[in-house]
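We use all heavy atoms of the structure for the numbers below, so side chains are in, but hydrogens, waters and symmetry mates are not. Each chain gets a letter, A, B and so on, in the order its sequence line appears, and its residues count up from 1.
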Amino acid sequence: MVVSLNDKNKDFFQMVFEVAKLIPKGRATSYGAIATYLGAKRSSRMVGWAMNSAHLDKNIPAHRVVNRNGMLTGKMHFATPSEMQELLEKEGLIVENDTIQNFKTIFWNPSEELL
DNA sequence: CTAATGACAAACT
DNA sequence: CAGTTTGCCATTA
């Protein structure tokens, strides 16, 4: 992996991983929520980037992390595009048209739940 | 160092 | 209200 994980950056990545692991089953969160929780709400894209490295670690449920719209924008980055949806449905979530239904209901806010 | 890209988000038209 | 555009921040070329 060309991912030059320098010491400083590693912390940010690790944070994202930790939060992702803490996401309760049957729930999901957004990149912005994690970014905000990490104190870098403006770096929502970086969270996604972290997930890109996260997909290497099977312990990280990256499928529970989607954009604020609940759309599975990163499904293409999985082993198979359908795996993300499959996993989410297995969790009890309702995924349709690459978008999580009732996302607002299953949304998991680390800043509140994890606080 | 500048330019381009991206698993996003908010603002604007 | 929906589609389009700009902004942010970090990484890569």
Side-chain angles (χ1 to χ4, degrees):
Chain A
M1 319 294 257
V2 288
V3 183
S4 309
L5 290 174
N6 293 321
D7 301 331
K8 294 190 267 192
N9 304 19
K10 187 183 66 175
D11 291 332
F12 183 80
F13 278 57
Q14 189 61 43
M15 286 280 282
V16 178
F17 300 158
E18 288 293 303
V19 176
K21 290 179 187 173
L22 289 168
I23 300 174
K25 180 183 176 186
R27 300 254 255 186
T29 188
S30 64
Y31 304 97
I34 296 175
T36 303
Y37 178 72
L38 297 179
K41 62 181 182 181
R42 304 296 179 185
S43 304
S44 49
R45 302 170 108 119
M46 301 300 92
V47 178
W49 183 243
M51 294 278 94
N52 192 4
S53 295
H55 87 89
L56 300 172
D57 191 330
K58 296 181 177 62
N59 294 334
I60 306 200
H63 59 273
R64 291 181 187 158
V65 184
V66 294
N67 63 358
R68 77 171 189 87
N69 204 22
M71 185 176 180
L72 309 185
T73 48
K75 65 171 190 167
M76 48 170 74
H77 295 281
F78 277 74
T80 56
S82 48
E83 178 162 310
M84 187 173 188
Q85 183 172 331
E86 287 287 303
L87 288 168
L88 287 170
E89 290 186 326
K90 231 174 236 201
E91 300 277 312
L93 283 121
I94 303 172
V95 182
E96 195 168 297
N97 193 12
D98 299 335
T99 307
I100 299 176
Q101 303 304 305
N102 304 323
F103 180 62
K104 186 174 66 177
T105 305
I106 61 88
F107 181 75
W108 181 75
N109 189 332
S111 299
E112 294 184 14
E113 305 293 324
L114 185 64
L115 183 62

Inter-residue atom distance [X].[atom1] - [Y].[atom2], 0.5 Å rounding:
X	Y	atom1	atom2	result
A/Phe78	A/Glu83	CZ	CD	7.0 Å
A/Leu72	A/Thr99	CG	OG1	6.5 Å
A/Leu38	A/Met46	CG	CE	12.5 Å

Rounded to whole Å, please give me the gap between [atom1] in [X] and [atom2] in [N].
X	N	atom1	atom2	value
A/Tyr37	B/dC8	OH	C1'	20 Å
A/Lys41	C/dG7	NZ	P	17 Å
A/Met76	B/dG6	CE	P	10 Å
A/Phe13	C/dC9	CZ	P	16 Å
A/Met71	C/dG3	CE	P	12 Å
A/Met51	B/dC8	CE	P	12 Å
A/Asn69	B/dA10	CG	P	11 Å
A/Met46	C/dC8	CE	C1'	8 Å

Problem set entry | Residue pairs fulfilling side chain to side chain donor-acceptor pair (under 3.5 Å) with at least one residue in residues 61-77 of chain A, sequence neighbours excluded |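 Applying side chain to side chain donor-acceptor pair (under 3.5 Å) to every pair that reaches into residues 61-77 of chain A, excluding sequence neighbours, yields A/Arg64-A/Glu91, A/Lys75-A/Asp98.
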Side chain of [X] only, please: which of [options] is the nearest?
X	options	value
A/Asn67	B/dA7, B/dA9, C/dA10	B/dA9
A/Ser30	B/dA9, B/dA7, C/dC9	B/dA9
A/Ser43	B/dC8, B/dA7, C/dC9	C/dC9
A/Arg68	B/dA10, C/dC8, B/dC8	B/dA10

Exercise. Mind checking whether A/Val95 and A/Val66 sit in one hydrophobic cluster, side chains of I, L, V, M, F, W, Y counted as touching below 4.5 Å?
Worked result: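 Yes, A/Val95 and A/Val66 fall within the same hydrophobic cluster.
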Problem set entry | Any donor-acceptor pair under 3.5 Å from A/Ser44 side chain to A/Ala35 backbone |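 Answer holds: no.
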Exercise. Within the structure, does a side-chain N or O atom of A/Ser44 lie under 4.0 Å from either OP1 or OP2 of B/dA7?
Worked result: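 No, no such contact exists.
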Exercise. Could a donor-acceptor pair under 3.5 angstrom be found where the side chain of A/Arg45 meets the base of B/dC8?
Worked result: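 Side chain to base: pair present.
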For this session: Select from A/Arg42 and A/Tyr31 the residue whose nearest nucleotide in DNA chain B is closer to the 5' end of that strand.
Result: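 With A/Arg42 and A/Tyr31 compared, the 5'-side residue is A/Tyr31.
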Review item, nucleotides 11-13 of chain B N/O atoms under 3.5 Å of protein N/O:
none

For this session: Check every strand shown and say whether A/Ala62 touches a base, only sugar-phosphate, or nothing at a heavy-atom separation below 4.0 Å.
Result: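 The residue A/Ala62 makes base contact.
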For this session: Kindly give the heavy-atom pair with the smallest separation between A/Ser30 and A/Val65, and that separation in Å.
Result: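 Nearest pair, atom of A/Ser30 first, then A/Val65: C-CG1, 4.5 Å.
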